[in-house]
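Below you'll find the structure, written out as structure tokens, and then a few comments.
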Protein chains: 2
Amino acid sequence: MAALDPSLIRDLPPFAGMATEELADLLQRARALRQPRGATVFEQDGEAHSFFVLLDGHIRVVRTTPEGQQVTVRYISEGEIFGIAAALGRTTYPATAIAAADCVILAWPTAQWAELSTRHPALGANTYKTVGGRLQDAHTRVVEMSTEQVEQRVAHALLRLVNQTGRRTEDGIEIDFPITRQDIAEMTGATLHTVSRLLSAWESRGLVSSGRRRVVVVDPHRLMLIAESRERE
Amino acid sequence: MAALDPSLIRDLPPFAGMATEELADLLQRARALRQPRGATVFEQDGEAHSFFVLLDGHIRVVRTTPEGQQVTVRYISEGEIFGIAAALGRTTYPATAIAAADCVILAWPTAQWAELSTRHPALGANTYKTVGGRLQDAHTRVVEMSTEQVEQRVAHALLRLVNQTGRRTEDGIEIDFPITRQDIAEMTGATLHTVSRLLSAWESRGLVSSGRRRVVVVDPHRLMLIAESRERE
DNA sequence: ACGCGAGTTTGCGCGACCGCAAACTCCCCC
DNA sequence: GGGGGAGTTTGCGGTCGCGCAAACTCGCGT
């Protein structure tokens with residue numbers, strides 16, 4: 001296999017503060033893979049054989065209940081590490097990861113985590129920092145679910161997506177991968193019907209512009225007002 | 001200050017797999033403190049000066065929204081490590097910790113985390129395992145909030161408390177610290193009115209027995225049936 | 001080019017749960 | 001021992017958002 005170039009990953013958060021030789025050492029043990037939209041990268045309760053870094057594309061992480069209800073736990077963007085069950089003392093993945101767009105991914109065998117993270121302490125530190133951020137994000141979601149109405153939650157979710165993955169267009173900021181009403185519903189604990197109604201209403205007020213698998217936030221400022229406005233007090 | 005005995009902490013999860021000399025080294029740098037019920041151990045957004053292990057009592061971790069709404073993020077039980085913002089790359093605490101009962105706590109300066117966790121690798125590993133568990137718990141809560149009705153959520157919350165902190169009594173299993181309807185409401189994203197109604201109904205059906213700041217689960221099995229029964233499908 | 005399915009829109013009715021309000025009760029403290 | 005306040009109970013009305021159903025539309029694949 002052709003060696004991958006350290007410059008590929010040098011600027012990604014998981015590898016911050018690492019020397020070029022360290023990056024080369026890491027890359028040498030990595031396997032690169034492509035996943036088309038809709039492909040499953042790993043499966044809930046499956047053995048955690050690998051951990052990953054997303055080079056390009058977007059990944060949706062989904063938890064499925066015993067009753068078959070799906071809840072989107074988070075979206076992974078370019079440059080993020082994911083599937084790190086092993087670093088947290090798990091042996092199986094707690095959720096399913098699905099490519100929300102065509103993806104390019106680096107994968108390392110879970111078995112090497114211990115060795116790699118001690119040999120490259122920066123990797124461990126960066127990873128745990130990420131985990132800390134995700135724990136906070138999760139708590140933030142719990143707080144939102146507890147205190148906000150559906151309208152605010154959907155507005156917050158869109159703003160988060162736009163911040164994370166927004167791409168400027170002439171109309172406004174577009175979410176950079178195909179996303180359905182159903183997806184948004186699974187992020188916010190609403191139904192796709194309610195999400196559809198909200199988007200329609202916002203569209204007619206000029207806040208967003210959306211279509212089939214496509215959402216553009218036209219007026220982030222006014223959307224922010226909705227997100228922050230009169231929660232239950 | 002009298003030296004603390006390693007046997008105090010030997011059997012606690014954060015210190016699993018550590019030699020007696022290591023425990024002594026850790027204890028030497030720890031400060032023991034007592035906090036009466038209601039006392040604040042650390043405050044949201046305050047500088048993360050210390051991390052802690054709870055030796056006795058119970059601690060409620062609360063996140064407050066800008067609007068003043070409170071949401072209980074989790075309860076800490078005996079033997080758990082908490083306030084570990086530093087290990088996750090934070091410099092401030094993301095929530096407030098309040099003693100739910102009189103507590104005995106060990107505290108270490110945050111500044112020593114790096115040194116201690118490298119000198120005692122088991123401490124780091126145990127801690128990150130705990131963090132992994134909490135991340136999963138948080139996601140589980142998100143899923144519950146998304147898919148379950150209030151009745152199921154309250155039932156789940158009680159069962160979790162009972163598992164975590166239950167004390168056998170002749171009537172059933174009692175939650176081992178004073179807990180109000182309001183507290184339960186803040187855990188589940190409900191109002192204290194609704195929680196009160198549910199407890200009253202369950203009491204009349206013989207599932208629980210509760211009073212002022214006191215909840216006893218009489219029939220965990222039937223409560224489980226409620227928790228798992230017909231979620232939105 | 002066209003058909004089919006995935007994704008979306010919209011209407012209607014209803015029920016769970018909140019919001020407000022008021023009364024009650026127990027326990028703690030002076 | 002007797003306030004007084006914290007914690008709890010209960011009623012009532014309103015509404016947000018779900019559940020169900022049906023129609024529509026776009027775009028992908030062959």
Side-chain angles (χ1 to χ4, degrees), chain A residues 36-38 60 67-71 98 100-102 144-155 157 175 177-205 208-216 226 229-233, chain B residues 36-38 60 67-71 98 100 144-155 157 175 177-205 208-216 226 229-233:
Chain A
R37 180 159 68 81
R60 190 157 50 97
E67 290 77 27
Q69 287 258 98
Q70 300 205 329
V71 177
I98 297 168
D102 295 344
E144 282 185 8
M145 300 280 309
S146 298
T147 62
E148 295 179 0
Q149 310 276 96
V150 168
E151 184 173 23
Q152 274 94 270
R153 298 209 301 270
V154 174
I175 293 170
F177 55 87
I179 185 166
T180 68
R181 311 290 187 261
Q182 177 68 34
D183 291 335
I184 298 175
E186 288 178 7
M187 298 179 63
T188 53
T191 58
L192 89 157
H193 310 275
T194 301
V195 171
S196 176
R197 277 181 252 268
L198 284 172
L199 287 184
S200 297
W202 290 344
E203 178 121 33
S204 71
R205 291 169 54 191
V208 304
S209 151
S210 70
R212 210 183 179 66
R213 299 176 148 223
R214 199 181 115 270
V215 177
V216 181
I226 287 178
S229 77
R230 62 169 175 77
E231 349 245 298
R232 288 188 223 155
E233 304 176 17
Chain B
R37 181 158 66 81
R60 190 157 50 97
E67 291 76 27
Q69 289 257 96
Q70 300 205 329
V71 176
I98 297 168
E144 282 185 9
M145 301 280 309
S146 297
T147 62
E148 295 178 359
Q149 310 273 96
V150 168
E151 184 173 23
Q152 276 92 269
R153 298 207 302 270
V154 174
I175 293 170
F177 55 88
I179 185 166
T180 67
R181 310 291 188 259
Q182 177 68 37
D183 291 334
I184 298 174
E186 287 178 7
M187 298 179 63
T188 53
T191 59
L192 88 156
H193 310 275
T194 301
V195 172
S196 176
R197 278 181 252 266
L198 284 172
L199 287 184
S200 297
W202 291 343
E203 178 122 34
S204 71
R205 292 169 53 191
V208 304
S209 152
S210 70
R212 211 184 178 64
R213 299 177 149 226
R214 199 183 115 270
V215 177
V216 181
I226 288 178
S229 78
R230 61 167 176 80
E231 350 243 298
R232 288 187 225 157
E233 304 176 18

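Numbers restart at 1 for each chain; the letters A, B, ... are given by sequence-line order, proteins then strands.
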Integer-rounded Å distance: [N] [atom2] and [X] [atom1]:
X        : N      : atom1 : atom2 : value
A:Glu148 : C:dC18 : CD    : C1'   : 16 Å
A:Trp202 : C:dT9  : CH2   : P     : 13 Å
A:Arg214 : D:dC28 : CZ    : C1'   : 17 Å
A:Glu203 : C:dT8  : CD    : C1'   : 12 Å
B:Gln182 : D:dT8  : CD    : P     : 9 Å
A:Ile184 : D:dG17 : CD1   : P     : 16 Å
B:Leu192 : C:dA21 : CG    : C1'   : 13 Å

Under 4.0 Å from OP1 or OP2 of [N]: is there any side-chain N or O of [X] that close?
X        : N      : result
A:Arg181 : C:dT8  : yes
B:Ser200 : D:dT10 : yes
B:Thr194 : C:dC17 : no
A:Thr191 : D:dG17 : no
A:Gln149 : D:dG17 : yes

For a 4.5 angstrom cut-off between non-hydrogen side-chain atoms, does [X] reach [Y]?
X        : Y        : value
A:Val71  : A:Glu186 : no
A:Glu203 : A:Ser210 : yes
B:Val154 : B:Trp202 : yes
A:Pro178 : A:Arg212 : no

> Which residue, A:Thr194, A:Leu198, A:Thr188, forms the side-chain contact (heavy atoms from CB on, under 4.5 Å) with A:Glu151?
Replying inline: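 Considering A:Thr194, A:Leu198, A:Thr188, a side-chain contact (heavy atoms from CB on, under 4.5 Å) with A:Glu151 is found only for A:Leu198.
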>> With hydrogens left out and only the distance checked, is there a donor-acceptor pair under 3.5 Å joining B:Arg197's side chain and the base of D:dG11?
In response: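 Checked by distance alone, the answer is yes.
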> D:dT10 base to B:His193 side chain: any donor-acceptor pair below 3.5 Å?
Replying inline: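 By the distance-only test, yes, there is a pair.
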Does [X] reach a base, just sugar-phosphate, or nothing at all? Heavy atoms under 4.0 Å.
X        : result
A:Arg213 : sugar-phosphate
B:Ser196 : base
A:Leu199 : nothing

> How do A:Val195 and B:Thr180 order along DNA chain D: which one's closest nucleotide is nearer the 5' end?
Replying inline: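 Of the two residues, B:Thr180 wins.
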>> Quick check on DNA chain C: between B:Val150 and A:Arg212, whose nearest nucleotide comes earlier from the 5' end?
In response: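 It is A:Arg212, whose closest nucleotide lies nearer the 5' terminus.
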